[in-house]
2 protein chains.
Amino acid sequence: MAAPDGTVGKAMDVLERVASYGGPVRFADLLSEGGYPKATLYRLLQVLVNQRLLTIDRATGKYELGVRLVRLAHQAWSQASLAPLARPHLEHLAQVTGQAVHLAQLDGGQVLYLDKLNPAQPVEMFSAIGRVGPAYCTGVGKAMLAFLPGEALESALSQQSFHRFTPATLDRAGLLAEHEAIRREGVAWDRQEHEPGITCLAAPVLSDAGRVLGAVSITSAGGGEALLAAHTGIVKDTAGAIARDAAAWRFPEQSKLNVAE
Amino acid sequence: MAAPDGTVGKAMDVLERVASYGGPVRFADLLSEGGYPKATLYRLLQVLVNQRLLTIDRATGKYELGVRLVRLAHQAWSQASLAPLARPHLEHLAQVTGQAVHLAQLDGGQVLYLDKLNPAQPVEMFSAIGRVGPAYCTGVGKAMLAFLPGEALESALSQQSFHRFTPATLDRAGLLAEHEAIRREGVAWDRQEHEPGITCLAAPVLSDAGRVLGAVSITSAGGGEALLAAHTGIVKDTAGAIARDAAAWRFPEQSKLNVAE
DNA sequence: CATTAGGTTCCATTTATCGAAACCAAGTTT
DNA sequence: AAACTTGGTTTCGATAAATGGAACCTAATG
């Protein structure tokens, strides 16, 4: 499945299977599910356990994801994503609009949520961070896709399933038809295309070179499209502010030079 | 470094190096830092980028952690850790005691924080989840170590650095000397052994079979030891409640059988 | 223009991976 | 209780893959 990339690729594939299983898995389940011959699968699992990417419960013989992943993710989140530096801007956006705010990046053709603020129920947090969603029918997803250069867009589109979640969900053609407008307006709408009753307004976070870094959105549960439309300005401003901070962050590039030697 | 575990182990090692670098790294930095010959390192990095465990900024040629890790961690956190089911108990504990509450697990000899609640400043959250700390001088760490069976304890101890953070920090002998008392009392103290002024009271989360699943703690910044001592009961109760929930969670074992075919 | 530092590709050698089959340990069935 | 499953672990020769020294590209830099 996908690009095996040698042993490492296979190991990651197995890891992914365990993850998508959603709970403790036995050896036999993974074996039947396809892919790898017994001995191979066995060794791959052993390596993954050794690396603490998986855990095995000696008693039941079931495999689970290892918490080492949580540690790595913490580092990824805090040093490689927009999240930490976007946080203050998101808080401002949430406060001004009073709506739920999302920050997302593209990952393998999907939208991956890196932060979420919900003025209504302040403590939820992590349950949302790391979650993924479809790119073709969410505000953040559409905002990012519309600004992707040809090749990258093609690659991203090839990974979309275009499942029809609601009557308003777009297909490939419909999605592409919107791109020009999104680029012109600088914002993307999700008008109940993913979940009935849920409307989002999103803006892309673009680097000065025009590269897509991520996207922010505000969400309304009541469906009030006009309500969100009134905030178009601040949504775009927030995305812009994040982009500016991101650029400023890169340039000084704290000198790692004089560390060695 | 450590157990190479074939190609996968090396790849993980490289990933870890990028992570511990704390920011964008160039190829040459990783190369000089040791370990792998040019061509090998090059190919390892390529594979990691393909797998989206790393990102490379084409412009600067620097490597960073990939957000795919965040997605995997979300799944690990929500399906393989105590965190989701512990949350309500932690909230209760935080509310009753008014202190900062931590939930942790052991990972590779270190303490890994899986959740944190801070009544004072409610929005901090993720910045703490995934963070690691020393096992030998934190409340949660000591609580877990004391209940580890011989072999596992030995392995964990061998990974401790026993750096002396404060005048109160214990060495190996001092740590072991406390174990009996911790087992008897069911709680472990960190009396400013990690950070001056910070005191913790922790209790281990143990399965019915006595296996160490994790630990919870309450923290006082003022140093008020008596203040925390008054909450000994509820800290132990919270750990117990989490353990009970964890046991209940495993047994029903939602039948995955009738999914295939 | 020459030199160097930083990356990328080649290719013969070595090594780890592959996977069929044998094996083992518990349960089940007859 | 003997025969038969079911689920997991180990062996081992053939095979494919990772290895790494060296050659090879670029840009920058002197």
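Letters A, B, ... are given to chains in the order of the sequence lines, protein chains preceding strands, and every chain is numbered from 1. What you see below is based on every heavy atom in this structure, not just the backbone, and it leaves out hydrogens, waters and symmetry mates.
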Is a salt bridge present between [X] and [Y], judged by a nitrogen-to-oxygen distance below 4.0 Å?
| X | Y | result |
| --- | --- | --- |
| B/Glu16 | B/Lys10 | no |
| B/Arg172 | B/Glu154 | yes |
| A/Arg183 | A/Glu178 | no |

Atom [atom1] of [X] to atom [atom2] of [N]: distance rounded to whole Å?
| X | N | atom1 | atom2 | result |
| --- | --- | --- | --- | --- |
| B/Leu31 | D/dT19 | CG | P | 15 Å |
| A/Leu41 | C/dT17 | CG | C1' | 14 Å |
| A/Leu44 | C/dT17 | CG | P | 9 Å |
| B/Asp57 | C/dG7 | CG | P | 12 Å |
| A/Leu30 | D/dG7 | CG | C1' | 13 Å |

Any protein N or O atoms within reach of nucleotides 16-18 of chain D? Criterion: under 3.5 Å, listing atom names and distances.
from   : atom 1 : to     : atom 2 : distance (Å)
D/dA18 : OP1    : A/Thr7 : N      : 3.3

Could you pull out all residues at least two apart from B/Gln160 that satisfy side chain to side chain donor-acceptor pair (under 3.5 Å)?
-> none

By side chain to side chain donor-acceptor pair (under 3.5 Å), A/Gln159 pairs with (sequence neighbours left out) none

Contacts of B/Glu180 that satisfy salt bridge (charged side-chain N to carboxylate O under 4.0 Å, His left out) - sequence neighbours left out = B/Arg184

Extract from the structure each pairing of a protein N or O with an N or O of nucleotides 8-10 of chain D at less than 3.5 Å, listing the distance.
from   : atom 1 : to      : atom 2 : distance (Å)
D/dG8  : OP2    : A/Ala28 : N      : 2.8
D/dG8  : N7     : A/Lys38 : NZ     : 2.9
D/dG8  : O6     : A/Lys38 : NZ     : 2.6
D/dT9  : O5'    : A/Tyr42 : OH     : 3.2
D/dT10 : OP2    : A/Tyr42 : OH     : 3.1

Roughly how far, to the nearest 0.5 Å, is the CG atom of B/Leu48 from the CZ atom of B/Arg68?
-> 10.5 Å

If a pair satisfies ring-ring contact (aromatic ring centres under 6.0 Å, His included) and one of its residues is in residues 139-159 of chain A, list it, with sequence neighbours excluded.
-> none

